[in-house]
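As structure tokens, the structure follows; a few thoughts come after it.
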Amino acid sequence: MAAFSAETILQIGQVPITNSLLDTIIVDALLIWGIFSLRKLSMVPGVFQNIAEYAIDGFYNLTTNITPKHAGKIFPWFMSFFVFIFLSNWSGLIPGFGTIGFYRNGELVPYLRAATSDINTTAGLAILSVFVTQGMGIATVGLKEYVSRYVSWNPINLFVGILEFVGIFTSIISLSFRLFGNIFAGEVLLSTISSMFAFLLPLPFLMLEVIVGFVQALVFSMLTMVAMAIITTPHHESSESEGGEHK
Amino acid sequence: MEIIKNFGINPVLLIAQVINFLILLFLLKKFAYKPVFQMLEKRRKEIADGLKSAEEGKLSLEKALEEEKKILKKAQNQAQQILLDAKSQADQMLLDAKEDTKGQVEQMLKDAHSQLDKESVEMEKRLALNSAKLAVEMLEKSVKDIFSEKEQKEAVERVSKKLKINRN
């Protein structure tokens, strides 16, 4: 049974090298390899370039559909969140992740574990997402307009503003725990099913996890993108579109 | 704070993940999104240009085809005209030749006629002369017994004179 927290494999000074951190490095390597193979773009795209172009163009169009004005600013966050979370979600499904390891105090410590099944990763991403969203709001609509979103002389608007303010912090929790919960639960589910009967039986669940990995990456990045779109739209322009941040 | 520990939140790891993601974001933005967007834009432009030039090519081809058709029609017309001209010319020539021959034949006929006339006149003349001679001879023979020699001579001479025959 997988542990809640990521297991430390090595301890280098203050920094514990956990199995999820190793997976983060693997995902990083994969992405950097992808970037590297994109360095020579050709007019006639190859398979990889085609996929990259398709994905980037598709995500950019999605961003422009939601916020045409600030798409250029929001898109890199949206796309990067998606790609990183997506790859780390699916990396956890590779055979050997969570199963190959060593025994410590009679318990299996796997060498690798999906980066997003570690709360540190998801919380880090969620905090980053929320803070960047707020910062982008201030930078785009101005401090006065930004503050007026939360503070108002009108009691109803003040109440709404307080809710919005609380919403900032709840969205950190919801973003991080949604992702962590889904991926971690998937790992637990798969290891439980595998321990019951290791052949064929886990297959449907594995397929489910494939879908979940994709959907959760999309959910996290889409929520970030929508939150950014909302906060970069001034009050008078956004017609009652606030608060649509949570699902 | 027990719950945080249970979940395994470690500020160092958390910050490490944030920094890791920021680096990734920077790399992706600079080396993946930007070049891909540039390439997409470039290709869009190229395709638009290609389509435009294809359209232009199509138009000029159409124009050329139309021109060709026009020229062909003109050539056909010209050919027809030439043919018609040639035909009429040939007809004219034929007609001329016919006329010419007709004239020639007529001339020949006329010549033949006149020749014939001339000959027949001559013949008549000769016939008249012969018949006159015959008459004179008949006279000579018939008057031989009736008249004397002198009278005979006179008579014959008179008749000959009348008949304009030069005796001997």
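Note on naming: letters A, B, ... go to the chains in the order of the sequence lines (proteins, then strands), and numbering restarts at 1 for each one.
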Check: Does the side chain of A:N120 pick up a donor-acceptor pair with the side chain of B:Q17 at under 3.5 Å?
Finding: no
Item checked: Portion of B:K42 that has a non-hydrogen atom of chain A nearer than 4.5 angstrom -> both
Notebook entry, point to check: Cut-off 3.5 Å, side chains only: do A:E7 and A:T18 have a donor facing an acceptor?
Noted result: no
Next item on the list: Give, as side chain, backbone, both or neither, the part of B:V12 having an atom under 4.5 angstrom from any heavy atom of chain A.
Entry: side chain
Check: By a 4.5 Å heavy-atom criterion (distance strictly below it), what part of A:F180 contacts chain B: side chain, backbone, both, or neither?
Finding: side chain
Item checked: Part of A:T122 within contact of chain B (heavy atom distance under 4.5 Å) -> neither
Notebook entry, point to check: Using a distance-only test with no angle check, is there a side-chain donor-acceptor pair under 3.5 angstrom linking A:T24 and B:N20?
Noted result: no
Next item on the list: Taking the six-membered ring for Trp and the full ring for Phe, Tyr or His, determine whether the centres of A:F184 and A:F177 are under 6.0 Å apart.
Entry: no
Checklist line | Part of B:L40 within contact of chain A (heavy atom distance under 4.5 Å) | finding: side chain
Next item on the list: Can you tell which part of A:L31 gets under 4.5 Å to a heavy atom of chain B, answering side chain, backbone, both or neither?
Entry: side chain
Margin query: Report which part of A:F131 has an atom under 4.5 Å of a heavy atom belonging to chain B: side chain, backbone, both, or neither.
Written below: neither
Margin query: Given heavy-atom pairs under 4.5 angstrom as the criterion, report whether the side chain, backbone, both or neither of B:F31 touches chain A.
Written below: both
Check: Side chain, backbone, both or neither: which part of A:I32 has a non-hydrogen atom closer than 4.5 Å to chain B?
Finding: side chain
Checklist line | Which atoms of A:I17 approach chain B - backbone, side chain, both or neither, heavy atom under 4.5 Å | finding: neither
Next item on the list: Look at B:I19, B:I15, B:L27 and state which one has the largest set of heavy-atom pairs under 4.5 Å with chain A.
Entry: B:L27
Next item on the list: Assign the ring pair A:F165 / A:F169 to parallel, tilted or perpendicular, where the plane angle (0 to 90°) is split at 30° and 60°.
Entry: perpendicular
Check: Looking only at side chains, do A:K73 and A:T140 share a donor and an acceptor under 3.5 Å apart?
Finding: yes
Notebook entry, point to check: Taking the six-membered ring for Trp, are A:Y60 and B:Y33 ring centroids under 6.0 Å apart?
Noted result: no
